[in-house]
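Each remark here refers to the structure printed beneath this line.
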Number of protein chains: 2
Amino acid sequence: MISRKKLPRPLSADAMALIARRFAVLSEPMRLRLLHALFAGEKSVNELVALTGGTQTNVSRHLQTLTHAHMLTRRKEGLQVFYAISDPSIFQLCELVCGSLEKQFSRQADVFAR
Amino acid sequence: MISRKKLPRPLSADAMALIARRFAVLSEPMRLRLLHALFAGEKSVNELVALTGGTQTNVSRHLQTLTHAHMLTRRKEGLQVFYAISDPSIFQLCELVCGSLEKQFSRQADVFAR
DNA sequence: GCGTTATATGCATGTATGCTCATATAAACA
DNA sequence: TGTTTATATGAGCATACATGCATATAACGC
């Protein structure tokens, strides 16, 4: 009988580069702010500019990056373009990282509290 | 009665920068190769150099980065230094990203197969 | 057609960071 | 003490990328 324990899959160097690229897309604060703003649902570029406080140029560039990484979908309607999160795993990724950071900080807080 | 649906927590710009930093640490192929090599358990620097094919200098630098990010622990024993994964959420993060990439590629494969 | 609004992009610049070479530290041992 | 082995680090270089300015494209109304 084969063990049911979940094993890490073997990963090629190519696969590793793809995964790294995906993490890189998530490694910019402005892109995270955009994703966070989109958690509630699709928004136009102008709305995102207002919500994040970025310049129009910069917001547009980052939206392009996120779309090329297949994390967002783009829908044009008249003059406006609406973006929305297309990859639900984004939510889980952020939750995981948040949880891990919270643990780390609460441990550090414990040390200071002694 | 309060809804039980899991809501995304509100995130400050500072929190966002911390999360981004964490993703940035995971966004280098060599660091992912090191983490992957450590999935099976702790290893010395020399072993990691052999397993990843990197130079000693470079491997040492990346191990330092991962350790400062609290993803690895460092244990010195005689001349050797052993590193091990200290944050179990790393496994889940990689699984999530791998799964999401697999879905993306199988969709693309479908398109080509038509 | 012309002007206006929403979004995208070419170019230039600054900053961050990965990589390598040489050298430094640190521990073991003769 | 001097030598060897394992790991870390300082300096310099190259590259990637985020940002802003100006301008281009695209859709709408007149």
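Letters go in sequence order (proteins before strands), and every chain restarts at 1. Side-chain atoms are counted along with the backbone in the values below, which use heavy atoms only and exclude waters and symmetry mates.
Between B:N46 and D:dT7 there is a side-chain N or O to OP1 or OP2 distance below 4.0 Å. Applying the 4.0 Å criterion to OP1 and OP2 of C:dT5, one finds that A:Q80 has every side-chain N and O outside that range. Regarding contacts with the backbone of D:dG20, a side-chain N or O of A:T55 is found under 4.0 angstrom from either OP1 or OP2. Applying the 4.0 Å criterion to OP1 and OP2 of C:dG18, one finds that B:R31 has a side-chain N or O inside that range. Under 4.0 angstrom from either OP1 or OP2 of D:dT19 there lies at least one side-chain N or O belonging to A:H62.
If you check distances only, the side chain of A:R61 never reaches the base of C:dT7 with a donor-acceptor pair under 3.5 Å. With hydrogens and angles ignored, a donor-acceptor pair under 3.5 angstrom links the side chain of A:T57 to the base of C:dT9. Residue side chain A:S44 does not reach the base of C:dA6 through any donor-acceptor N/O pair under 3.5 Å, judged by distance alone.
For the pair B:R33 and B:T52, the tightest heavy-atom approach, listed with the atom from each and the gap, is NH2-O, 3.1 Å. Residues B:D87 and B:H70 approach most closely at CB-O, 3.9 Å, considering heavy atoms.
Of the two residues contacting DNA chain D, namely A:G78 and A:E28, the nearest-nucleotide position lying further toward the 5' end is that of A:E28. Sequence order on DNA chain D of the closest nucleotides to A:M30 and B:Y83 puts B:Y83 first from the 5' end.
In this structure, CD of A:E77 is placed 19 Å from P of D:dA26, rounded to the nearest angstrom. A:N58 places its CG atom 14 Å from the C1' atom of C:dT15, with the value rounded to the nearest Å. Atom-to-atom, CG of B:L79 to P of C:dA26 comes out at 13 Å; the value is rounded to the nearest Å. Separating the CD atom of A:Q56 from the C1' atom of C:dT5 is a distance of 11 Å, rounded to the nearest angstrom. Rounded to whole angstrom, the span from the CZ atom of B:R74 across to the C1' atom of D:dT7 amounts to 8 Å. The interatomic distance linking B:L66 (CG) with D:dT7 (P) rounds to 16 Å, in whole Å. The distance from atom NE2 of A:H68 to atom C1' of C:dA8 is 11 Å, rounded to the nearest whole Å. The nearest whole Å value for the distance from the CG atom in B:L63 to the P atom in D:dT7 is 10 Å.
Within the nucleic acid shown, B:R21 comes within 4.0 Å of sugar-phosphate atoms alone, with no base atom in reach, counting heavy atoms only. Nucleic acid contact class of A:S60 (heavy atoms, under 4.0 Å, all strands): base.
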### Message
Is there a side-chain contact (heavy atoms from CB on, under 4.5 Å) between A:I85 and A:T73? Walk through the geometry before answering.
### Response
CA-CA 6 Å; A:I85 293 180; A:T73 56; over 6 Å; no
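Side chains of A:S27 and B:R22: no donor on one and acceptor on the other come within 3.5 Å. In this model, no donor atom of one side chain and acceptor atom of the other lie less than 3.5 Å apart for B:N46 and B:S44.
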